[in-house]
Visitor: 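Handing you this structure, nothing more for now.
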Amino acid sequence: MKPGLKVLDEIPKWNVVAWTSLIAGYVNNDCASEAIRVFKDMESLNVEPNEITLVHVLVACARSRDLGTGKLVHSRVRQLGYDPFVSSCNPNLVLATAIFDMYAKCGNLNTARDLFDKMPKRNLVVWNSMIASYNQYGQAEEAVGVFSDLLVSGFDPDKATFLSVISACGKLGDLALGQSFHAYVLKMNICNDVAVGTALVDMYAKSGDAESARKVFSDLKTKDTKAWTSMIIGLAMHGHGEEALTTFKRMQEDAAASPDQITYIGVLSACSHVGLVEEGQRHFTEMRNVYGIEPTIEHYGCMVDLLS
DNA sequence: TTAGGGTTAG
């Protein structure tokens with residue numbers, strides 16, 4: 001359905017506000033690629049975007065990880081004289097953040113970092129976005145580095161900050177640093193939060209401390225899909241295949257969480273580690289027939305390992 | 001009419 005286009009046919013000439021509202025509507029309804037298409041239509045009809053239009057389109061590019069269009073929009077920003085990164089007494093911070101975040105979300109970290117350093121004013125969300133992007137795109141060390149800069153700058157990290165840096169510790173296998181973050185979130189009293197707990201389980205498992213991973217996991221009052229999955233994968237990754245499978249059985253008995261594609265990567269790899277061919281085949285079938293999860297290339301990879 | 005942050009796999 002393209003409700004906007006129907007309206008479009010009926011209105012001979014739209015102004016920039018109308019176009020912008022349509023684009024914003026698509027962005028706010030999770031139709032980022034549709035928003036980008038509308039923006040391109042608008043451009044081809046020579047309606048000049050304003051700063052607000054550009055913000056919405058940049059958000060759309062970030063959400064759909066469309067770096068190519070994002071760069072075009074960025075040059076359009078400069079062309080129209082709106083560049084918030086050139087010295088100006090009153091830079092548009094919303095636009096600056098939208099440009100930065102587009103590069104960060106699309107994984108162009110060098111440009112994102114350059115803009116981050118030039119940002120006219122930084123708040124905690126911008127810091128968190130920089131840290132999260134480094135972590136997500138495999139630069140865990142940089143994520144931790146920006147975290148220390150954040151402390152030096154006098155900001156107070158919050159839950160989102162810790163989710164990223166705890167995850168980064170797991171990727172680095174830095175147990176000591178992970179433990180210090182654990183102490184920090186205990187003091188902040190956000191340890192019972194299921195997301196924080198999940199990040200800790202993952203960190204401890206990846207750092208080789210299975211006992212602490214189990215402890216954090218069992219202390220969690222509510223366990224969602226991601227929490228169960230982290231525990232199962234953490235056990236499977238470190239040679240506790242049997243325990244991973246009994247944990248998966250408990251998960252299936254928990255009405256509050258149901259397995260997803262990622263859970264099954266853990267389950268199937270546990271079966272292959274332990275050499276349980278039939279159980280692996282049974283889980284593969286169950287994944288499709290009971291949970292309606294279509295296998296991905298990773299699932300097939302686990303099955304190949306299992307059968308070879 | 002204006003944005004933006006998070007954990008699980010690969």
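Below, all heavy atoms of this structure are taken into account, side chains as well, without hydrogens, waters or symmetry copies. Within every chain, numbering begins at 1; the chains are lettered A, B, ... in the order of the sequence lines, protein sequences first and strands thereafter.
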Visitor: Which nucleotide, B:dT2, B:dT8, B:dG10, lies nearest any side-chain atom of A:Ser167?
Guide: B:dT8

Visitor: Does the pair A:Phe116 and A:Trp127 meet the rule for a ring-ring contact (aromatic ring centres under 6.0 Å, His included), with working shown?
Guide: CA-CA 8 Å; A:Phe116 176 78; A:Trp127 280 95; 5.1 Å; yes

Visitor: Go through B:dT2, B:dG5, B:dT1 for me and flag the one nearest to the A:Leu124 side chain.
Guide: B:dG5

Visitor: For A:Ile166 and B:dT7, what is the distance between atoms CD1 and P respectively, to the nearest whole Å?
Guide: 11 Å

Visitor: Base, sugar-phosphate, or nothing for A:Arg63, non-hydrogen atoms under 4.0 angstrom?
Guide: sugar-phosphate

Visitor: Closest to the A:Asp202 side chain: B:dA9, B:dT2, B:dG5?
Guide: B:dA9

Visitor: With sugar-phosphate meaning primed atoms plus P, OP1 and OP2, does A:Ala98 contact a base, only sugar-phosphate, or nothing at under 4.0 Å between heavy atoms?
Guide: nothing

Visitor: Does atom CG (A:Leu307) have a neighbourhood of more than 12 heavy atoms from anything else shown, all under 6.0 Å?
Guide: yes

Visitor: Select base, sugar-phosphate, or nothing to describe what A:Asp260 touches, counting heavy atoms under 4.0 Å on all strands.
Guide: nothing

Visitor: Would you tell me if any nitrogen or oxygen in the side chain of A:Lys171 comes within less than 4.0 Å of OP1 or OP2 on B:dT7?
Guide: no

Visitor: Counting heavy atoms from C-beta on, name the nucleotide in B:dT8, B:dT2, B:dG5 closest to the side chain of A:Val55.
Guide: B:dT2

Visitor: From the set B:dT7, B:dT1, B:dA3, return the single nucleotide nearest to any side-chain atom of A:His56.
Guide: B:dA3

Visitor: Once you measure the plane-to-plane angle for A:Phe181 and A:Phe147, does it fall in the parallel (<30°), tilted (30-60°) or perpendicular (>60°) bin?
Guide: perpendicular

Visitor: Roughly how many Å is it from CD1 in A:Ile99 to P in B:dA3, rounded to a whole number?
Guide: 14 Å

Visitor: With heavy atoms under 4.0 Å as the rule, sort A:Thr198 into base, sugar-phosphate or nothing.
Guide: base

Visitor: Could you tell me which non-hydrogen atom of A:Asn135 sits nearest to which non-hydrogen atom of A:Ala143, and how far apart they are?
Guide: N-CB, 3.9 Å

Visitor: Can you tell me how far P of B:dA3 sits from NZ of A:Lys105, to the nearest Å?
Guide: 13 Å

Visitor: Please give, in whole Å, the distance from B:dT7 P to A:Tyr134 OH?
Guide: 16 Å

Visitor: Between A:Gln136 and B:dT7, does any side-chain N or O lie under 4.0 Å from OP1 or OP2?
Guide: yes

Visitor: Got a sec? Which of residues 221-246 of chain A come in under 4.0 Å of DNA chain B, heavy atoms?
Guide: A:Lys226, A:Thr229, A:Ser230, A:Ile233

Visitor: What integer distance in Å separates A:His299:NE2 from B:dG10:P?
Guide: 11 Å

Visitor: Applying the ring pair (Phe, Tyr, Trp, His ring centres under 6.0 Å) test to A:His74, which of A:Phe100, A:Phe85, A:Tyr103, A:Tyr82 qualifies?
Guide: A:Tyr103

Visitor: Working note: A:Phe248 + A:Tyr264, criterion ring-ring contact (aromatic ring centres under 6.0 Å, His included); need CA distance, chi angles, decisive distance, verdict.
Guide: CA-CA 9 Å; A:Phe248 179 61; A:Tyr264 270 101; 5.3 Å; yes

Visitor: Could you please spell out the steps behind the ring-ring contact (aromatic ring centres under 6.0 Å, His included) verdict for A:His56 and A:Tyr26?
Guide: CA-CA 9 Å; A:His56 287 300; A:Tyr26 278 124; over 10 Å; no

Visitor: Verify the distance criterion only: is there a donor paired with an acceptor across the side chains of A:Asp158 and A:Thr161 at less than 3.5 Å?
Guide: yes

Visitor: Looking at every strand, decide which applies to A:Leu58 at a 4.0 Å heavy-atom threshold: base, sugar-phosphate, or nothing.
Guide: nothing

Visitor: From B:dT7, B:dA3, B:dA9, pick the nucleotide closest to the side chain of A:Asn135?
Guide: B:dT7

Visitor: Indicate, with a heavy-atom threshold strictly under 4.0 Å, whether A:Val59 touches base, sugar-phosphate, or nothing.
Guide: sugar-phosphate

Visitor: Can you check the A:Leu95 CG to B:dT2 C1' distance for me, whole Å?
Guide: 9 Å

Visitor: Roughly how many Å is it from CZ in A:Phe217 to P in B:dT8, rounded to a whole number?
Guide: 16 Å

Visitor: For A:Phe39 and B:dT2, what is the distance between atoms CZ and C1' respectively, to the nearest whole Å?
Guide: 15 Å

